J.: 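Can you keep this structure in mind? I'll have questions shortly.
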Number of protein chains: 2
Amino acid sequence: MKVMTISGFGGPEVFSEHDMPEPQAGEGQVVIDVKASSVNPIDIKIRSGMVPPATPPFPAVLHGDVAGIVSEVGQGVSHLQVGDEVWGCAGGFNGLPSGALAERMLTDAQLITKKPKNLSFVEAAALPLVSLTAWFALSDRAQIQTGDLVLVHAGGGGVGHVGIQIAKHLGATVHTTVSNEQKAHAARELGANETILYRGLSVDDYVKKYTDGRGYDVVFDTVGGDNLDASFQAARYGGTIVNIAARSTHDLTPMHSRGLTLHVVFLVGQVANPLNRHSIKPRLEKLSELAENGDLQPLIDQQQFEIEDVADAHAYLESGEPIGKVVLTR
Amino acid sequence: MKVMTISGFGGPEVFSEHDMPEPQAGEGQVVIDVKASSVNPIDIKIRSGMVPPATPPFPAVLHGDVAGIVSEVGQGVSHLQVGDEVWGCAGGFNGLPSGALAERMLTDAQLITKKPKNLSFVEAAALPLVSLTAWFALSDRAQIQTGDLVLVHAGGGGVGHVGIQIAKHLGATVHTTVSNEQKAHAARELGANETILYRGLSVDDYVKKYTDGRGYDVVFDTVGGDNLDASFQAARYGGTIVNIAARSTHDLTPMHSRGLTLHVVFLVGQVANPLNRHSIKPRLEKLSELAENGDLQPLIDQQQFEIEDVADAHAYLESGEPIGKVVLTR
């Protein structure tokens, strides 16, 4: 079968097409006939060599997000059958047998469930990593309560647009930062109560304007870097920040002065480590329920790609232009 | 009345004795005839000019911890009467009327409760700041559960020795780092299940030796600085760190790789801000109950000081020599 692999770190040009033997499902595994995948920032970081411990051995087949049809079921797997339409974030990381940039993907059945009935393969492939990340962040870790005032950074981005919907589902009032009016419109359509065009505004400006200077109960930092410092500043005294990309250095004095809590969520750690994988299936089932109830829908960029054009898809996501997820199909 | 004040930042020598008018209790306030106070690192940081926002206006009367006898009760105070023997962490910070380095201390009655019956004034004055800090850290924020494996750093220190006892009270198995065998002995007497003489040991060494390499559920970092980095390293995947002194800069990559939570607790923010003061009384009452049940006792250094010798007491705490709290009496 055809796969897209990398054999070294670098720019989008490191992807090349190879033939690999058809995978076979061992105990607890399934093979999925891949219909669609999507690009996440972690895929770009792995390709670039920024997260060596998470990189599968070369030649590496990347990408976690998958939607497709089960083509083989290994022993001991009871929740899936051949022919099931499924989704998951299930590969492309060290410790997992394969990735989604392939005709067929072999994976641990614990990471796969039936996809929401009302979503196409393209729509389903856009959601697993971002919605699992946002669910762990906002429900498990920040434990958002009804009435919380939540700031979601980058509401037009992959995790951000799902974060808005999950925070709303949990009963929060949601404000979100966006870089332009087009993203603001998309964020409002997904339920954001306020959109903050942050360019040219200081954190103090928008905290004053939108919270009367009190600050946010929960800040969801989907960006990292300097944005984490901005998040410390935007939280109320005793507030909570959830970050998904904290691989940087920060002065924690504002955390001390305000008595803050910082949760850092790294979905790869839940997916790649066999000891943590049991946490995935119940949450994916919950997210499927949200999607089927209309509480969770993907925002998909208008430009779509074939799996063999993954290099172009990576370059496009790196440009910062996409609104929502960049999806690949075959 | 006599008070010890500072009129500028600096070393212990900045303290000097002054006369001030007797305070009078306004609405919601009490005056306490001071019997004892104790030195906390925050008092040293305030004296040194390291926390300007927390510093009361000059000439400033420092020190929060107090034990004494109520000598006057203002209007609207129903839980205290003249003659009550009381304790609290109730002054010496910007926003509060006075500090404990005085014959009489004026304060917000919300910060004062009756002291544990079985403790002397000296014993009671050693506990408020450290035990409130440890209670917020371990009960409110880390939410320690029965069976948790908890590492308390600096178990021979002020917050550390109380942290051991509170973690035990909450049902944890408690390990603690100490710098010498004398402190190890004291920590074991207070209930520590293991004492780790950390000098010459790497974090990986002791995590391997005492947790089979798994890491701690909760790490209580009472030290800050480099010790916070060591705390990230000592926590298990998905574990929790509680820190009480994070005014420094840190690479958060280990938090991301391990999916950690960091709570930062700053008791001054609870005490000094009128909006947060209501949180203190119920916790002080709970801590009194612990003390009266024998679950909480102070470790008091053998060297004690008069309030007018506060400069010597500060210098002594800064030497790192004391085991437990340094108390001042009059």
Side-chain angles (χ1 to χ4, degrees), chain A residues 42 45 50-54 94 132-133 136-137 140-143 213-215 221 224-225 228-229 231-232 235-277 279, chain B residues 42 45 50-54 94 132-133 136-137 140-143 213-215 221 224-225 228-229 231-232 235-277 279:
Chain A
I42 185 68
K45 287 177 189 163
M50 289 166 67
V51 200
N94 190 23
L132 283 165
T133 299
F136 275 108
D140 289 283
R141 303 287 291 277
Q143 297 178 15
R214 179 176 167 273
D221 172 25
L228 181 55
D229 303 312
S231 299
F232 295 153
R236 69 161 167 84
Y237 181 87
T240 295
I241 291 104
V242 204
N243 164 290
I244 59 166
R247 304 186 84 83
S248 44
T249 294
H250 299 270
D251 175 10
L252 300 184
T253 304
M255 281 196 72
H256 190 242
S257 303
R258 292 173 192 228
L260 301 179
T261 289
L262 170 64
H263 300 285
V264 184
V265 172
F266 186 35
L267 188 71
V268 173
Q270 295 296 122
V271 167
N273 185 336
L275 297 174
N276 300 330
R277 275 180 211 157
S279 65
Chain B
I42 185 69
K45 288 177 188 163
M50 290 165 67
V51 200
N94 190 24
L132 283 166
T133 300
F136 275 109
D140 289 283
R141 303 288 292 277
Q143 297 179 13
R214 179 175 166 274
D221 173 25
L228 181 55
D229 303 312
S231 299
F232 294 153
R236 70 161 167 82
Y237 181 87
T240 295
I241 291 104
V242 204
N243 165 291
I244 59 165
R247 303 186 86 82
S248 44
T249 294
H250 299 269
D251 175 10
L252 300 183
T253 304
M255 283 198 71
H256 189 241
S257 303
R258 293 172 191 227
L260 302 178
T261 290
L262 170 64
H263 300 284
V264 184
V265 172
F266 186 35
L267 189 70
V268 173
Q270 296 296 123
V271 167
N273 184 337
L275 296 174
N276 300 328
R277 275 180 211 158
S279 66

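Predicted model, so just to flag it, every value in this text is computed and none were measured. We use all heavy atoms of the structure for the numbers below, so side chains are in, but hydrogens, waters and symmetry mates are not. Throughout, protein chains are lettered first and strands after them, A, B, ... in sequence-line order, and every chain is numbered starting at 1.
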J.: Applying salt bridge (charged side-chain N to carboxylate O under 4.0 Å, His left out), can you list everything that pairs with B/D229, at least two apart in sequence or on another chain?
T.: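 Residues passing salt bridge (charged side-chain N to carboxylate O under 4.0 Å, His left out) with B/D229: none at all.
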J.: To check you understand the geometry: which heavy-atom pair defines the closest contact between A/H256 and B/A246, and what is its length?
T.: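 Between these two residues, the closest heavy atoms are CD2-N, 3.7 Å.
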J.: Side chain, backbone, both or neither: which part of B/N273 has a non-hydrogen atom closer than 4.5 Å to chain A?
T.: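 B/N273 has no heavy atom closer than 4.5 Å to chain A.
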J.: Using heavy-atom distances under 4.5 Å, tell me whether A/T240 contacts chain B through its side chain, its backbone, both, or neither.
T.: neither
J.: B/R236: which residues meet the salt bridge (charged side-chain N to carboxylate O under 4.0 Å, His left out) condition with it, sequence neighbours left out?
T.: B/D217
J.: Hey, are the side chains of A/L252 and B/L228 touching, using non-hydrogen atoms and a 4.5 Å cut-off?
T.: yes
J.: A/R141 versus chain B, heavy atoms under 4.5 Å apart: side chain, backbone, both or neither?
T.: side chain
J.: For the pair B/V264 and A/L260, evaluate side-chain contact (heavy atoms from CB on, under 4.5 Å) and give the outcome as yes or no after the intermediate values.
T.: CA-CA 6 Å; B/V264 184; A/L260 301 179; 5.7 Å; no
J.: Specify the closest pair of heavy atoms between A/L262 and B/M255, including all atoms of both residues, with the distance to one decimal.
T.: O-CE, 3.8 Å
J.: How are the rings of A/H263 and B/H263 set relative to one another: parallel (under 30°), tilted (30 to 60°) or perpendicular (over 60°)?
T.: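 Perpendicular, since the angle between the ring planes exceeds 60°.
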J.: May I ask you to name which of B/G259, B/G224, B/A54 has the most heavy-atom pairs under 4.5 Å with chain A?
T.: B/G259
J.: A/Y237 and B/F266: which non-hydrogen atoms are nearest, and at how many Å?
T.: OH-O, 3.5 Å
